[in-house]
Amino acid sequence: MTTSQVSGSEPASAAFGRLHPDVRRWIWQRGWRELHPAQEAAVEPVLAGEDVLISAATASGKTEAAFLPICSGLAATPADGPGIQAVYIGPLKALINDQQGRLDSLCELLGIPVHPWHGDVAAAAKQRVLKRPGGILLITPESLEALFVVRATKIFGLFGALRHVVVDELHSFIGTERGAQLQSLLHRLELAVRRRVPRIGLSATLGDLADAAEFLRPGGGARVRLIAPPGDAQELRLQLRGHVHSARSDADAEITAHLFAHLRGTDNLVFANSRSRVEQFTDRLTRRAERTRVPNEFVPHHGNLSKDLREHVEARLRDRSLPVTAICTSTLEMGIDIGSVTSVAQIGAPSSVAALRQRLGRSGRRGDPAVLRIYVREEEVTASTAPQDQVRAELVQTIAVVDLLLERWYEPPSAGGLHLSTLTQQILSLIAQHGGVTPAEAYRTLCGDGPFHHVGQGTFGALLRALGSAGLLRQEPDGLLLHDETGERIVNHYGFFAAFASPEEYRLVAEGRTLGSLAPAAPVLPGGLLIFAGRRWRIQRVDGAAKVIDLTPSSGGAPPAFGGGAADVHDRIRARMRLLYERTDVPAYLDTGARRLLAEARDNFRRLGLDAGPVVGWGDDTYVFPFRGDAVMAALGLALALRGVRYEKESLALRLPQTSPERAVELLDELAAAPPPDPRKLAAPVLDKELDKYDEYLGEDLLTTAYAARRIDVPAAWEALPGLVAAARRRTPTRVPRVAGGTASTDSRTP
DNA sequence: GACCTGCTGCGGATTG
């Protein structure tokens, strides 16, 4: 850290001295005694126009780390003509609004205009920027896409003088379709101004800095300056509570009672993993407050609630005078400023290590300890409980995630994405921008020198032909590619600008007020009951044409089914789970219930013979436990299917119905002896392979290729197979007779 | 038994 000078003086350091006098004055006016380490380290490389990646904890002043030197440079050598000087790209409109507030005072002092630009910004304000471009533009990827499509002729005038690009919350883009779109936009921006523009990436949760640097500057990651000062060691107070759900004990009621007793009176966040669970726990906590005649402090926050309701919750969280606890999904994970909370609770296993890290970052700033309570619910084990449910996977996965968090490991971005859906979007956008492109130009722009360089010429040609067959593209006699009828329709609708798909949703209206939206996974019928926005409703009317559901207050209800699939668990987490079953140590942060569940999990693991081998006979069926990630399990399962073997994936295990353990071992042996199959052969029979927005236009061949690249890991599966077979052969697999409706063999009820 | 994000249209030249 910078040495602090004699009290009352300015912060002084070589880096500080390089900043423009007016920037130094602004820092002095703020009363800052010193620059944070990341801010200090960023000054030189940003001023020198290098690509920079800044990885630092939440609230460590990352935005200032980028903008103190950027603004310093802009103040030192003002633009000699019109044009945006710096672009900030943020993933959320709310984040852009926040950052505008943070930049305003500095930029006002320096005479640098700051322009937010997203879907909620008034058209008149956008017109002003188009007329007199200058200063700093704060924009979403989607609005930048729209500029390329709708304002193609203005791109050079807007960005010709551009000196810096800043990407905030970089981790939220890595490995996603939206991230591929962002990379393409940054590349097209540089092509439009015909020179390289320095890029600065900001994030608090990066697993591998080198990967993130390569994402920021494809092909040039090694030359990106990495700034990752060690964070202040923060004390973590952690408790993992285990609850058993049975006919005699209601685990959710126990969790509700504990939350109610410990969170009332302070500000907290409770992450419940699904919107449906958010509604359910909000309802339980609200009713408890009513029963005990105290003011209700528990409010819901998730992506289907109206902007109004969500902003109201965020405002209550910022207001320190009244305690409030938000029950939420990942909506409150990211950097919107709500201040820090007293504690964070997590109901159910965290979906990933990275998500848990983000959530923890919300608690205990400014030297206070971070407080995290995790609640895990497991079903009572009876004689008829299937093997994969006996080993307490939820609890053990939670311990594995906490273990890896303490080791500072995060999931790397998902590899192998071809992003053909987003490549389709970018081809259509490129045609709109230039009024047509030749296949060679499109390939060179997007693939050859661009971010889709993993797509070869053969695949690109096949994609163009598929898009031609689907009516998105047509080719003129001179070779120029243009939009065909369907392509024209897609590009001319504003929904085109986002790289991700959205379901068609109904609007939920009560007493004239919009509560939010719902894409029902199950039919919604008049007269039905519903819990939404933390209250109970009766469905009065469903207007299928206007897509509106009218609600009136009611005394009963259940949360709606919001739909969605299962989450993929990373290889490393599954491997750690296996280790945890074999070890005997008990983490200190487990409560009595969790300790009992862990002991039971380890007992059952051994009793099922999983310590010796991965194969367990269960009645007439056999279960295979690879303890590997879901992409490896998909490869194994689909390879068996290709040999005519039926299988079902049941969380941790593959179930082979009507198969003996001996036969299962033979099958694994046969797989191991054969060469690794072509992943596309495995993917071909999968019925629903459309994962992304424009996948429906890819045609069967490319769709299969894209699906295989994303969901099936053949090399890792074939690397794992010899070990699985050797372990299975070492000992005769356990065969457990199946008992229907038996009584509990292990009573693990939590008092 | 998953979560989240986003989004058009609307002028140009001249004068004080």
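Chain letters run A, B, ... following the sequence lines, proteins first, then strands; residues in each count from 1. Below, all heavy atoms of this structure are taken into account, side chains as well, without hydrogens, waters or symmetry copies.
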**Asked** Using 4.0 Å as the upper bound for N to carboxylate O, is an ion pair formed by A:D692 and A:R710?
**Response** yes

**Asked** Nearest-Å distance, CZ (A:R275) to P (B:dC3)?
**Response** 4 Å

**Fill in**
By side chain to side chain contact (heavy atoms under 4.5 Å, CB included), A:D250 pairs with (sequence neighbours left out) A:H245, A:D252, A:A253, A:R284

**Prompt:** Does A:E648 have any salt bridge (Lys or Arg N to Asp or Glu O under 4.0 Å) partners at least two apart in sequence or in another chain, and if so, which?
**Reply:** A:R655

**Fill in**
Here the residues of residues 425-434 of chain A within 4.0 Å heavy-atom distance, strictly under, of DNA chain B are none

**Message:** Suppose we screen for side chain to side chain contact (heavy atoms under 4.5 Å, CB included). Which residues come up paired with A:H187, at least two apart in sequence or across chains?
**Reply:** A:L191, A:D449, A:P451

**Item:** Set of side chain to side chain contact (heavy atoms under 4.5 Å, CB included) partners for A:P91, sequence neighbours left out
**Value:** A:L95, A:E169, A:S172, A:F173, A:R178, A:M334

**Request:** State which residues pass side-chain hydrogen bond (donor to acceptor under 3.5 Å, both in side chains) with A:S651; sequence neighbours excluded, sorted by chain then number.
**Result:** none

Table of protein N/O atoms under 3.5 Å from nucleotides 14-16 of chain B N/O atoms:
none

**Prompt:** Who are the salt bridge (Lys or Arg N to Asp or Glu O under 4.0 Å) partners of A:K649, not counting sequence neighbours?
**Reply:** A:D630

**Request:** For A:R489, check salt bridge (Lys or Arg N to Asp or Glu O under 4.0 Å) against everything at least two apart and list the hits.
**Result:** none

**Message:** How many whole angstroms separate atom NE2 of A:H171 from atom C1' of B:dC3?
**Reply:** 13 Å

**Request:** Let me see the working for A:D120 and A:K307 under salt bridge (charged side-chain N to carboxylate O under 4.0 Å, His left out), right down to the final yes or no.
**Result:** CA-CA 12 Å; A:D120 295 344; A:K307 197 178 165 191; 3.0 Å; yes

**Prompt:** Starting at CG of A:D692 and ending at C1' of B:dT5, how long is that distance when rounded to a whole Å?
**Reply:** 14 Å

Under 3.5 Å between N/O atoms: give me all the protein pairs with nucleotides 7-11 of chain B, atom names plus distance.
| residue | atom | partner | partner atom | Å |
| --- | --- | --- | --- | --- |
| B:dC7 | OP1 | A:G119 | N | 2.9 |
| B:dC7 | OP1 | A:T140 | OG1 | 2.8 |
| B:dC7 | OP1 | A:S143 | OG | 2.7 |
| B:dC7 | OP2 | A:G119 | N | 3.0 |
| B:dC7 | O2 | A:Y494 | O | 2.6 |
| B:dC7 | O2 | A:G495 | N | 3.2 |
| B:dG9 | OP1 | A:R151 | NE | 3.0 |
| B:dG9 | OP1 | A:R151 | NH2 | 2.4 |

**Request:** For A:R310, report the nucleic acid contact type (base, sugar-phosphate, nothing); a contact means any heavy atom under 4.0 Å.
**Result:** sugar-phosphate

**Message:** Tell me the interatomic distance from A:R277, atom CZ, to B:dC3, atom P, rounded to whole angstroms.
**Reply:** 12 Å

**Complete:** When rounded to whole Å, the CZ to P distance for the pair A:R359 and B:dC4 reads 10 Å

**Salt-bridge contact A:E177-A:K693 (side-chain N to carboxylate O under 4.0 Å)** = no

**Contact residues, residues 172-187 of chain A to DNA chain B [heavy atom, < 4.0 Å]** = A:R178

**Contacts of type salt bridge (Lys or Arg N to Asp or Glu O under 4.0 Å), residue A:E690, not counting sequence neighbours** = none

**Request:** Find which nucleotide of DNA chain B each of A:K154 and A:D389 is nearest to by heavy atoms, and output the residue with the more 5' nucleotide.
**Result:** A:D389

**Closest to the A:F500 side chain, choosing from B:dC4, B:dA2, B:dT5** = B:dT5

**Request:** Apply the test salt bridge (charged side-chain N to carboxylate O under 4.0 Å, His left out) to residues A:E505 and A:K547: give CA-CA distance (whole Å), side-chain angles for both, the deciding distance (0.1 Å), then the verdict.
**Result:** CA-CA 7 Å; A:E505 293 180 326; A:K547 299 281 169 209; over 6 Å; no

**Message:** Can you measure A:I96 atom CD1 to B:dG6 atom P for me and round it to whole angstrom units?
**Reply:** 8 Å

**Prompt:** Going through the distances and angles, do A:E142 and A:F500 end up as a side chain to side chain contact (heavy atoms under 4.5 Å, CB included)?
**Reply:** CA-CA 10 Å; A:E142 288 73 19; A:F500 52 87; 3.5 Å; yes

**Prompt:** Any side-chain heavy atom of A:T422 sitting closer than 4.5 Å to one from A:Q425?
**Reply:** yes

**Request:** Could you state the atom-to-atom distance from CZ of A:F271 to P of B:dA2 in whole Å?
**Result:** 18 Å

